[in-house]
2 protein chains.
Amino acid sequence: MAQHDFFGHMWWHGRLRGHGYRITVPRQVILDVLHSREGHLSAEDIYIEVRKEYPQIGLTTVYRTLELLVRMGIVFKFDFGDGRSRYELSEGPEGFRHHHHLVCSVCGRVIDYSEYLDSEQQLLDKTEAGLSEKYGFKITNHLIRFYGLCDRCQSGE
Amino acid sequence: MAQHDFFGHMWWHGRLRGHGYRITVPRQVILDVLHSREGHLSAEDIYIEVRKEYPQIGLTTVYRTLELLVRMGIVFKFDFGDGRSRYELSEGPEGFRHHHHLVCSVCGRVIDYSEYLDSEQQLLDKTEAGLSEKYGFKITNHLIRFYGLCDRCQSGE
DNA sequence: ACCGATTTGAAAATGATTTTCATTTTCAAT
DNA sequence: ATTGAAAATGAAAATCATTTTCAAATCGGT
């Protein structure tokens, strides 16, 4: 099991090496944390978590590594408007499920959902095709987000 | 014409007054700028523009007014990942056309489009209904964005 | 084990946004 | 029109996430 996890997490080695980047301890620990803790993690969340395994790490390295991973498409960077960016693995070989977001305008709560992706997909495909042609854009990704009031915040308003 | 514009821009008076906010010169000038310059304006863009009409304004007031307008739904706040927020009128009575974005991952260029909104609307309606029910969310707004490489940036990659 | 290039980490710098607080402005009541 | 309390403003300082700097440590091909 630990063995499986170990090799299961190694898939990104090739990606990095292939681009001439080195496999370093800080990078490994950061990737481990991203794998172990799903959700929308801030750079500091990750920093705190990584320190448990590798106390000498610097916040700088966390930021640099995240930037690298975002650039390689391994990690997504989100902004939910609370002043700090959030990071999350885009997908592993086992495939983290792509999802969209519901954001509460009052309390800032973010809910992930993935159950309407199939019906959304048809539209996305059609729209992407049209946009690609019209604007010469090569679309690689998308972001869909609904804003509103979450159940908890509706009573008070 | 100036007369028409004048009254045409006054629609938000009621909105503010209705919430107990006062109509002040800085707020009027900021709204004027937002009306005159479509696009994705940063707080500083707006500050610079406002200063031409009202040089004594402070950047602080611009931020505060924008926050107020966002809270009232008069202005949208976007984050395209370049470190500064962008603001834009959501709609006037004459109705600025709602649009979605194409964002180039390489150069950061942002293209507005609105020609697929109709076909997107069906999906949005269906999804919103489902999400509202399942999560008890009262959806008021949405954000759709495609990321990719713009035509200029594809040749070099 | 060695070496050059990459990566790291601590500290300082940056820069957008927010807070503070004394002064000015708005507007309902007079 | 005048007044006065409450709201809004603006200058300066503070905040705080992120980036830059640079000397020391690490990586990986030899």
Side-chain angles (χ1 to χ4, degrees), chain A residues 10 12-33 40-72 74-75 77-87 108, chain B residues 10 12-33 40-72 74-75 77-87 108:
Chain A
M10 294 299 106
W12 46 267
H13 276 208
R15 288 282 282 287
L16 288 185
R17 308 274 20 258
H19 282 257
Y21 297 115
R22 294 179 176 173
I23 309 302
T24 66
V25 176
R27 285 172 182 170
Q28 294 185 56
V29 182
I30 289 170
L31 261 308
D32 278 351
V33 166
H40 313 116
L41 303 174
S42 68
E44 195 176 3
D45 291 338
I46 295 166
Y47 173 62
I48 290 171
E49 202 65 21
V50 167
R51 287 231 270 182
K52 295 177 183 171
E53 283 296 311
Y54 191 71
Q56 65 267 46
I57 199 164
L59 185 51
T60 310
T61 301
V62 174
Y63 274 107
R64 270 190 297 232
T65 302
L66 288 171
E67 188 213 343
L68 174 69
L69 296 174
V70 167
R71 191 160 11 100
M72 311 245 344
I74 294 171
V75 162
K77 181 179 183 179
F78 292 107
D79 185 294
F80 294 114
D82 68 338
R84 56 182 64 188
S85 296
R86 305 281 164 170
Y87 301 87
Chain B
M10 294 299 105
W12 46 268
H13 276 208
R15 289 282 280 287
L16 287 185
R17 309 274 18 258
H19 282 257
Y21 297 116
R22 296 180 175 173
I23 308 303
T24 67
V25 176
R27 285 173 182 169
Q28 294 184 56
V29 182
I30 289 169
L31 260 307
D32 278 351
V33 166
H40 313 116
L41 304 175
S42 69
E44 196 176 2
D45 290 338
I46 295 166
Y47 173 62
I48 290 171
E49 201 65 23
V50 168
R51 287 232 271 180
K52 296 178 183 170
E53 283 296 312
Y54 191 72
Q56 66 266 46
I57 200 166
L59 185 51
T60 310
T61 301
V62 174
Y63 274 107
R64 271 191 297 232
T65 301
L66 288 170
E67 189 213 343
L68 174 69
L69 296 174
V70 168
R71 188 156 17 96
M72 313 244 345
I74 294 171
V75 161
K77 181 179 182 177
F78 292 107
D79 187 293
F80 294 114
D82 69 338
R84 57 182 64 187
S85 296
R86 304 282 165 169
Y87 302 86

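The model shown is predicted, which means the values in this text are computed figures rather than measured ones.
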Please list each protein N or O that sits under 3.5 Å from an N or O in nucleotides 1-4 of chain C, with the distance.
unit_1	atom_1	unit_2	atom_2	d
C:dG4	N2	A:R22	NH2	3.2

Residues 56-68 of chain B, side-chain donor-acceptor partners within the protein, below 3.5 Å, at least two apart:
unit_1	atom_1	unit_2	atom_2	d
B:T65	OG1	B:T61	O	2.8

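- No engagement by A:S42 is indicated, since no non-hydrogen atom pair under 4.0 Å with the nucleic acid exists.
- Taking the side-chain hydrogen bond (donor to acceptor under 3.5 Å, both in side chains) definition, one finds that B:R71 meets it with B:Y21, sequence neighbours left out.
- Partners of A:R17 by side-chain hydrogen bond (donor to acceptor under 3.5 Å, both in side chains), not counting sequence neighbours: none found.
- Phosphate proximity of C:dA16 to A:R84: absent, as no side-chain N or O sits under 4.0 Å from OP1 or OP2.
- Using five terminal pairs a side, the axes of the helix from C:dA1-D:dT30 to C:dT30-D:dA1 at its two ends make an angle of 40°, given in steps of 10 degrees.
- The side-chain heavy atoms of A:I74 and A:R15, taken from C-beta on, include a pair separated by under 4.5 Å.
- For the pair B:I46 CD1 and C:dT17 P, the computed distance is 10 Å after rounding to whole Å.
- The phosphate of C:dT18 has neither OP1 nor OP2 within less than 4.0 Å of any side-chain N or O from B:Y63.
- Here B:R27 pairs with nothing under the side-chain hydrogen bond (donor to acceptor under 3.5 Å, both in side chains) rule; sequence neighbours left out.
- Boundaries of the chain B contact region on DNA chain D are D:dA6 to D:dA12, first to last in 5' to 3' order (nucleotide atom under 4.0 Å from a heavy atom).
- By the ring-ring contact (aromatic ring centres under 6.0 Å, His included) test, B:Y47 is found to be paired with no residue, residues two or more places apart in sequence or in another chain being considered.
- Contacts of residues 53-62 of chain B with DNA chain C (heavy atom under 4.0 Å): B:T60.
- Where B:G83 and B:P26 each meet DNA chain C at their nearest nucleotide, the meeting point lying more 5' is that of B:G83.
- For B:Y54, there are no side-chain hydrogen bond (donor to acceptor under 3.5 Å, both in side chains) partners, not counting sequence neighbours.
- For the pair A:I23 CD1 and C:dT8 P, the computed distance is 11 Å after rounding to whole Å.
- Taking the side chain to side chain contact (heavy atoms under 4.5 Å, CB included) definition, one finds that A:V70 meets it with A:V75, A:K77, A:Y87, sequence neighbours left out.
- Side-chain contact between A:F78 and B:D79 is absent, with no heavy-atom pair separated by less than 4.5 Å.
- When heavy atoms are screened at a 4.0 angstrom cut-off, A:R64 is found touching base atoms of the nucleic acid.
- Counting to the nearest Å, the C1' atom of C:dT8 and the OH atom of A:Y21 are 16 Å from each other.
- Residues A:R86 and A:D45 form a side-chain contact, since some pair of their non-hydrogen atoms from C-beta on lies under 4.5 Å apart.
- In this structure, B:V25 and B:S85 both approach DNA chain C, and ranking their closest nucleotides by distance from the 5' end singles out B:S85.
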